[in-house]
Protein chains: 2
Amino acid sequence: MNHQPSDHELQSDLQPVSWEDGKVKLIDQTLIPDEFVTLEFDDYKDVVHAICTMQVRGAPAIGVTAALGIALAAQTIDAPDSEQFMHQLEPIAEEFRQTRPTAVNLFWAIDRMLRIAREYAHLPIIELRATLVDEALDILQDDIRINRQLGMNGANLLKDGDTVLTHCNAGALATAGYGTALGVIRAAVEQGKRIKVIADETRPRLQGMKLTAWELQQSGIPVTIITDNMAGYVMHQGMVNCVVVGADRIAANGDTANKVGTYGVAVLAKAHGIPFYVAAPMSTVDLSIPDGKHIIIEERCPTEVTHIGEIRIAPKGVPVLNPAFDVTPAEYIAGIITERGVLRPPYTESLIQPNTHHQSPTIQED
Amino acid sequence: MNHQPSDHELQSDLQPVSWEDGKVKLIDQTLIPDEFVTLEFDDYKDVVHAICTMQVRGAPAIGVTAALGIALAAQTIDAPDSEQFMHQLEPIAEEFRQTRPTAVNLFWAIDRMLRIAREYAHLPIIELRATLVDEALDILQDDIRINRQLGMNGANLLKDGDTVLTHCNAGALATAGYGTALGVIRAAVEQGKRIKVIADETRPRLQGMKLTAWELQQSGIPVTIITDNMAGYVMHQGMVNCVVVGADRIAANGDTANKVGTYGVAVLAKAHGIPFYVAAPMSTVDLSIPDGKHIIIEERCPTEVTHIGEIRIAPKGVPVLNPAFDVTPAEYIAGIITERGVLRPPYTESLIQPNTHHQSPTIQED
C-alpha cells in the first residue's frame, strides 16, 4: 500500500470525487451544465444516497466513491475490538453494495476496502481508520493512473483527423479523473492529434449531452451533439472513424454491459465497418461470469423517461421501459482498451493474460 | 372528381386536418398530449406557417394540409381571367412548396391542385374556387380510404399476439386520419388480433412519445414507450415481432426517407432477423429519383435538440446536428405496404407495377 498518494501530475483538472478535511467531496453531476456545485459529506449515508440518485455516476467513479464512503463511515465507528469494528463496517458496505447493481467496479472497490479492513483489523482503531482512508485514496489515485495508461494505450488506435463517436459519459466525470473512453481521446490529443468527437445525447438522463459535451468543451476538444437516433445517419454519411465507449461490467468472454444504447451503436458500427472499442480498467472485468447473460441490468424509475426535470413530456398512464444498461456481445467489439494494453479477441484468452501489451507500474495488487 | 365526399364510415375519429365553414382546421400537434387545441385558419399564410412549425406534420397530413391551404388561398383570389388567377395562385403554391423539403406527398398534392386549377381555369371564378375545395377534400378523403386499404393489406402481416415496434408517428395524426403504420396496426386490431406496440420516443421532437403513444392510448391499443436507444435492447430480449414505420419519400429503388432514427431501427431489425416494413401510400413514391442519395434531407433548428420547451438541456455553445430524416436502403426493407398491396423486392419492379395485389377503387387518377 502506498500511504502517501501525492503524484501531483496524476491529478486531473476535473475531479468528480475527492477527500478533503475528513469529508467526501462530490461534484453534483445532476446539475451540470447548468450549475457546478461541489457537495461535502460527513455522513456516509449521504454518500450512499448520492450514488443512488446519480449525483455521482460512471462505473469507476462510483467504485471510488463507495471506497471513500466506507472510509468516511469508518471514522465514526467506535468499537472495542476488531470483531466489533467489522460487525459495524460490514452492514455499511452492504448499503453501498445495494446502490447500483450493474457496475462491477462498485463491488470490486467495496471488496478491496473490506479486505484491507480485515487485514489491518489488529491495528489500534485510529490507525485502522487512517489505513482505510489511505486505501480509498489509493483506489482513487490508481484510477487516475490507470486511466492515463489505458488512454495512452488506446490513443495509438486513433489517427490525426479522426472523428470518434462516443455514447454516455466515460470521461473524467465518470472516473476519479481523466476518463476511460474520453481518456483515450485526451491522450490522442496530448499526442498532438486533431480529434473530433460526436457525442450521443444518451437518453434518458442525457449524460452525453450534459456531461460529455460539457467536459470536452471545458478541455477544448471539438464536440458535436447528436440525438441517439442520429448515430446511423452520421455513420452512413462517413462522419465517424471509430467508436469508443466505457463499460460497467465486462464478462469473461468480453460481453460488455454499458449505458443503454451502446449495443445499438455497436450494431451500427459493425454494419458500417467502423471499429468499436470499449475502454475500461481491468477492475471492470468480472471473470466470475462467463458471458453477458449473467449481468444484472438495472431498471430505473420511469420518470427518468417521462419527465425532463419537473416537466412531464409523456402522456399520463402510458407504460415505459427504462433499462439503464444493455449488453454488447463480444463479437461487436474490435478491442478492449485497458491499462494492460488493447486486448483483442478471443477475449476468453486475452482478458486473463496479464499485461499483454504494455507493462504498467500501477496494476500490481497490493 | 367526386364533388361530394361524404362516406361517413371513412371518417377517422381523429382528424388532424379538416375543412369547415370555409376554413382550414388543424389540431395543434405541438401541444399534444398536454392540450388538445383545434386551430382555425382563414388566411393561407397561417397554414404555411403551421406546416413550417410542425403544428401539422407527417407526410400525408402535410400534403392534405397544403391542398386545403391552396384551396383556402383560392377563395380570396380575385382575378378577371384564368391567366391572372393562375398568376396569383402559382406563387402561393410555391410558398407551400418551400415549407418542408423531404416529404414528397407535399409536392404531389400541390402539383395535383395546380393541375386541377389549370384544367378548370375556364370556369367562372366562383366555380373554380369550389372545384379547388372539392379537389382538396378529395385528396383528404382519398388519404383516409387509402390508409384503410393499406392498413388491411398490412394487417395480414401481423399475427395475433405480435408486438410491433414503430418509430415517430405514422398514425391518424400524420395523415388525414387512420394512419399508415398505425393504420396497419389498427386494421389488425379490427381483425380481432391482440397487438401490442412499442413506441420509440423519437427525439428530438418526441413524436413517438407525445403523438403515437397518446393516439394509441386513445384507441385502447396497448403501447409502451422506450427511448430510441433502447430499440436494440428490446429486440435482443425477443420482445419485438416486427417493425412498421411510415415514410416521407420512397425512391424508385425502394430506398426510403423517414424520420431520423428509422435507419438505425432497420439495421437493428436486420441484425435480429425481425422483418422491417414501410407503410405508405403510393403518393409517397417518387419515381423521378433512382435512389435515396437524391433525397434532400431537411436540417432543422438546433434548438429542437438543445431545448425541451423553453428549457435548455444542452451546454451553451456546443454544436448540434439536427437532420430531420434519414434514408433506409431498400435492402433493409422486407416489404412496402401500400394501398396496392404489400410490395416486395426488387422494388425497382414492384413499385412500378400497377395494383400488384389488391385492387383498390381509390387509386385511379382523376
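All heavy atoms count here, side chains included; hydrogens, waters and symmetry mates do not. By convention in this document, chain letters (A, B, ...) are assigned in the order of the sequence lines, proteins followed by strands, and residues within each chain are numbered from 1. All values derive from a computational prediction rather than experimental measurement.
Between A:I250 and A:V278 the shortest side-chain heavy-atom distance falls below 4.5 Å. The closest side-chain heavy-atom distance from B:P275 to B:V243 is not below 4.5 Å. Residues B:V245 and B:T256 fail the side-chain proximity criterion, which asks for heavy atoms closer than 4.5 Å.
Contacts with chain B were tallied for A:W214, A:F325, A:Y233; A:Y233 has the most, counting heavy-atom pairs under 4.5 Å. Chain B forms more heavy-atom pairs under 4.5 Å with one residue of A:L321, A:V327, A:T306, A:I297 than with any other, namely A:L321. Taking chain A as the reference chain and counting heavy-atom pairs below 4.5 Å, the highest number among B:P329, B:A314, B:G264 is found for B:A314. Interface remark: of the candidates B:T262, B:V318, B:V267, B:V318 forms the most heavy-atom pairs closer than 4.5 Å to chain A. Between chain B and the options A:V260, A:D326, A:I311, heavy-atom pairs under 4.5 Å are most frequent for A:V260. Highest contact tally toward chain A, considering only B:M235, B:H167, B:H272, B:R312, is held by B:H272 [criterion: heavy-atom pairs under 4.5 Å]. When the candidates A:I32, A:I308, A:T202 are compared by the number of heavy-atom contacts under 4.5 Å with chain B, A:I308 comes out ahead. Taking B:G232, B:P33, B:G261, B:P315 one by one and counting their heavy-atom pairs under 4.5 Å with chain A, the maximum is reached by B:P315.
Within the 4.5 angstrom heavy-atom criterion, only side-chain atoms of B:V234, from C-beta onward, approach chain A. Within the 4.5 angstrom heavy-atom criterion, no atom of B:A231 approaches chain A. Contacts of B:L206 with chain A are made by side-chain atoms alone, with heavy-atom separations under 4.5 Å and no backbone atom involved. At a 4.5 Å heavy-atom cutoff, A:I198 makes no contact with chain B through either its backbone or its side chain. Only the side chain of A:D228 comes within less than 4.5 Å of a heavy atom in chain B; its backbone stays farther off. Neither the backbone nor the side chain of A:K270 has a heavy atom closer than 4.5 Å to any heavy atom of chain B. Contacts of B:Q237 with chain A are absent, with no heavy-atom separation under 4.5 Å from either backbone or side chain. Within the 4.5 angstrom heavy-atom criterion, atoms from both the backbone and the side chain of A:P319 approach chain B. Contacts between A:N322 and chain B at a heavy-atom distance below 4.5 Å involve backbone atoms as well as side-chain atoms. With a 4.5 angstrom heavy-atom cutoff, A:A213 touches chain B via backbone and side-chain atoms both.
Between A:P323 and B:M230 the shortest heavy-atom distance is CD-SD, 3.6 Å.
Side-chain contact check for A:N258 and A:R249: no donor-acceptor pair (N or O, by modelled atom type) lies under 3.5 Å. A donor atom on one side chain and an acceptor atom on the other are not found under 3.5 Å apart for B:Q207 and B:R57.
Separating the CG atom in A:N229 from the NZ atom in B:K259 is a distance of 9.0 Å, to the nearest 0.5 Å.
Using a cut-off of 4.0 Å between Lys/Arg side-chain N and Asp/Glu carboxylate O, B:E215 and B:K210 are scored as not salt-bridged. A salt bridge between A:E298 and A:R300 is present, with a side-chain N of the basic residue lying under 4.0 Å from a carboxylate O of the acidic one.
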Q | Worked verdict on A:I289 versus A:I295 for side-chain contact (heavy atoms from CB on, under 4.5 Å) | A | CA-CA 8 Å; A:I289 52 172; A:I295 300 176; 3.4 Å; yes

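Two rings, from A:H236 and B:Y332, have their centers 6.0 Å or more apart.
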